[in-house]
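This report concerns only the one structure given below.
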Amino acid sequence: MSATQTITADTRSKGQIARATRRNEAIAQKKLTSKGATIAAAIIAIFWTIPTFGLFVTSFRPGADTQDTGWWTVFTDPKFTLDNYVQALTAGGTSTTLASAFVNSLAITIPATVFPIVIAALAAYAFAWIDFKGRSMLFVFVFALQIVPLQMALVPLLSLFSDGLTIGDVQVFPGFGLNDVDYSFARVWIAHAIFALPLATFMLHNFISEIPGEIVEAARVDGAGHGQVFFRIILPLAMPAIASFGIFQFLWVWNDLLVATIFASPGALPITQALNSLSGTWGNRWFLQSAGTFISIIVPLIVFFALQRFFVRGLMAGATKG
């Protein structure tokens, strides 16, 4: 097949994928836009929004007012201040302020999102388009890892990172020796990547395996190797699924407290730990915590709205095939 025929087949296959995606989206939209669904969604949205709106109003109220009156009193006695946000940025836990913890969360979340996506995309391509012995059994094993509770792996993983792994007299894994390093993110990155890989591989495999085989075969006829097929064909077509999982992983890591508290060094704690400390020992400064909460959701909102055009398309395509 010539290069022109390859490009034509590629374009035709992309058109087929786009038409199928639009058809599935139209069916889903039709089911979700019935009168009953609209009313139910409106009621849920109202009940979901009221507490969030109250928290938002509280974040701008003077601390003394929040101790005596509810947030709804702003409609009769409006008093607002930005001091809560200023104090929240300079307050925090014993080792980090909210501002430094915000930077730490970026340093944790971005690599912990990119690493599993890169590894899972390569693994998904191998499972979908490379024929090797034991492929099906290995894929089932990777998929089954999703049922392992995260909490069960925390202590063994922490022991592995700290002391390494020795079998008999042979040291299989030396350990990192990072317990005394103040700003170390390596253990958190590895932990989040490990926990995310099974689901990421499963979702991306389901999407990549649905790409028409004519595209891959045409590229191979033209002399393309696995690397060229992956980077020039598979990766661009799989961007909706990658963006969908990227949103999920970013939000999971950004909102995580358990994994980061266990594996992060004192100076590398995330914003969730600082938020946990903002309310004070007796919870008497929860107005600062409300301000810190809205500071913490700025980045997730930016990520979601930047990638949301891929979200539904990739989620539907990546979760329909088992």
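Counting begins at 1 with the first residue of the sequence.
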Partner set under side chain to side chain contact (heavy atoms under 4.5 Å, CB included) for Phe53, not counting sequence neighbours: Val57, Trp71, Phe75
Validation row: Leu138, Phe127 side chains within 4.5 angstrom (heavy atoms): yes
Mind listing the closest non-hydrogen atom pair of Phe195 and Ala153 along with its distance? CE2-CB, 3.8 Å
Residue pairs passing the side-chain hydrogen bond (donor to acceptor under 3.5 Å, both in side chains) test where at least one lies in residues 75-85, sequence neighbours excluded: Ser59-Tyr85, Thr81-Asp83
If hydrophobic clusters are built from ILVMFWY residues whose side chains come within less than 4.5 Å, do Phe231 and Ile130 share one? yes
List the atom of Ser296, the atom of Trp254, and the distance in Å for their closest heavy-atom pair. O-NE1, 2.8 Å
Gln228 meets the side chain to side chain contact (heavy atoms under 4.5 Å, CB included) criterion, sequence neighbours left out, with Ala224, Arg232
Any idea which heavy atoms bring Ile295 and Ala88 closest together, and the distance? CD1-CB, 4.4 Å
For a quick check under 3.5 Å, do Ser290 and Arg61 share a side-chain donor-acceptor pair by atom type? no
Drop me the distance from Glu210's CD to His205's NE2, to the nearest 0.5 angstrom. 9.5 Å
With heavy-atom distances below 4.5 Å as the criterion, would you say the side chains of Arg220 and Glu217 are in contact? yes
Taking a hydrophobic cluster as the set of Ile, Leu, Val, Met, Phe, Trp and Tyr residues connected by side-chain heavy atoms closer than 4.5 Å, whether directly or through intermediates, do Ile211 and Phe245 fall within one such cluster? yes
Whether Thr49 side chain and Ile46 backbone form a donor-acceptor pair below 3.5 Å: no
Phe207 and Ile242: CA distance, side-chain angles, deciding distance, side-chain contact (heavy atoms from CB on, under 4.5 Å) verdict: CA-CA 9 Å; Phe207 190 96; Ile242 292 174; over 6 Å; no
Distance, nearest 0.5 Å, that separates OG1 of Thr58 from CG of Leu288: 12.0 Å
Under 4.5 Å side-chain linkage, directly or through intermediates, the cluster mates of Ile44: none
Which atom pairs, donor and acceptor, lie under 3.5 Å between side-chain atoms of residues 105-119 and protein residues at least two apart or in another chain?
| from | atom 1 | to | atom 2 | distance (Å) |
| --- | --- | --- | --- | --- |
| Ser105 | OG | Ala101 | O | 3.3 |
| Ser105 | OG | Ile271 | N | 2.7 |
| Thr109 | OG1 | Ser105 | O | 2.6 |
| Thr113 | OG1 | Thr109 | O | 2.8 |

Examine Val253 and Val103 and state if one hydrophobic cluster contains both, with Ile, Leu, Val, Met, Phe, Trp and Tyr joined whenever side-chain heavy atoms are less than 4.5 Å apart. no
Do the ring planes of Phe143 and Phe202 sit parallel (below 30°), tilted (30 to 60°) or perpendicular (above 60°)? tilted
Donor-acceptor pairs under 3.5 angstrom involving side-chain atoms of residues 255-264: please list them, not counting sequence neighbours.
| from | atom 1 | to | atom 2 | distance (Å) |
| --- | --- | --- | --- | --- |
| Asn255 | ND2 | Leu251 | O | 3.1 |
| Asp256 | OD1 | Leu258 | N | 3.4 |
| Asp256 | OD1 | Val259 | N | 3.2 |
| Asp256 | OD2 | Val259 | N | 3.3 |
| Asp256 | OD2 | Ala260 | N | 2.9 |
| Thr261 | OG1 | Leu257 | O | 2.5 |

Suppose clustering is done on Ile, Leu, Val, Met, Phe, Trp and Tyr with side-chain heavy atoms closer than 4.5 Å. Which residues sit in the same group as Met137? none
If you look only at pairs with a residue in residues 121-133, which of them pass as a side-chain hydrogen bond (donor to acceptor under 3.5 Å, both in side chains), with sequence neighbours excluded? Tyr125-His226
Do other residues, nucleotides or ligands put more than 12 heavy atoms under 6.0 Å from the CZ atom of Phe132? yes
Consider only side-chain heavy atoms of I, L, V, M, F, W and Y, link residues closer than 4.5 Å, and tell whether Leu55 and Leu82 are in one cluster. yes
Applying salt bridge (Lys or Arg N to Asp or Glu O under 4.0 Å), name anything that partners Arg135, two or more places apart in sequence or on another chain. none
Using side chain to side chain contact (heavy atoms under 4.5 Å, CB included) as the criterion, list what pairs up with Leu301, not counting sequence neighbours. Ile297, Phe305
Which residues pass the side chain to side chain contact (heavy atoms under 4.5 Å, CB included) test with Pro78, not counting sequence neighbours? Phe80
Exercise: identify the closest heavy-atom pair between Ala274 and Leu98: CB-CD1, 3.8 Å
May I ask whether Ile208 and Val142 are part of the same hydrophobic cluster, defined by side-chain heavy atoms of I, L, V, M, F, W, Y residues being less than 4.5 angstrom apart, directly or through others? yes
Other hydrophobic cluster members with Val86, side-chain heavy atoms of Ile/Leu/Val/Met/Phe/Trp/Tyr under 4.5 Å, chained? none
Quick check: closest heavy atoms across Ala268 and Phe185, and the distance to 0.1 Å? CB-CE2, 3.3 Å
Which atom names give the shortest non-hydrogen contact between Gln146 and Pro198, and what distance separates them? CG-CB, 3.6 Å
